[in-house]
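This report refers to the structure that appears directly beneath it.
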Amino acid sequence: MSLSRSLLLAGLDALPFAALASVATFVFAQAAKQPSTLVGMLAGTVGVAVLLALGTISANRYRADGKPFYFTRAVVVEGLLSLP
């Protein structure tokens with residue numbers, strides 16, 4: 001798999017976590033009665049930061065190990081293993 005393809009897959013894998021972080025930031029900022037412009041800007045910034053951080057970690061793990069690392073799969077597997 002080429003590096004550009006691995007970066008795309010890493011970004012797509014990190015996308016649900018970025019969206020969740022963005023929505024959580026939006027909800028908490030709205031609850032704090034912040035102006036809507038600030039809320040949108042803050043939620044977007046947090047979403048992009050999470051996307052870049054998780055995507056970078058995933059791409060670096062691919063580059064180091066030579067096999068893809070998927071956050072979504074890891075979270076689902078850990079969640080299923082934690083069930084009694």
- Sorted by first residue and then second, give each side chain to side chain donor-acceptor pair (under 3.5 Å) pair with at least one member in residues 20-42; sequence neighbours left out. none

- Message: Going by side-chain contact (heavy atoms from CB on, under 4.5 Å), name the residues that satisfy it together with Ile57, two or more places apart in sequence or in a different chain.
- Response: Arg61, Phe71

- Please list all pairs passing the side chain to side chain donor-acceptor pair (under 3.5 Å) test where one or both residues lie in residues 38-53, with sequence neighbours left out. none

- Query: side chain to side chain donor-acceptor pair (under 3.5 Å): which pairs involve residues 7-17, sequence neighbours left out?
  - Reply: Asp13-Thr72

- Qualifying residue, where the test is side-chain contact (heavy atoms from CB on, under 4.5 Å) with Leu51 and the options are Thr56, Leu15, Val46: Leu15

- Hydrophobic cluster partners of Val77 (side-chain heavy atoms under 4.5 Å): Leu81

- Task: Could I get the full list of side-chain contact (heavy atoms from CB on, under 4.5 Å) partners for Leu83, not counting sequence neighbours?
- Result: Leu80

- Item | Minimum heavy-atom distance Ala18-Gly47, with the two atoms named | CB-O, 3.3 Å

- Residues, nucleotides or ligands: over 12 heavy atoms within 6.0 Å of Phe26 CZ: no

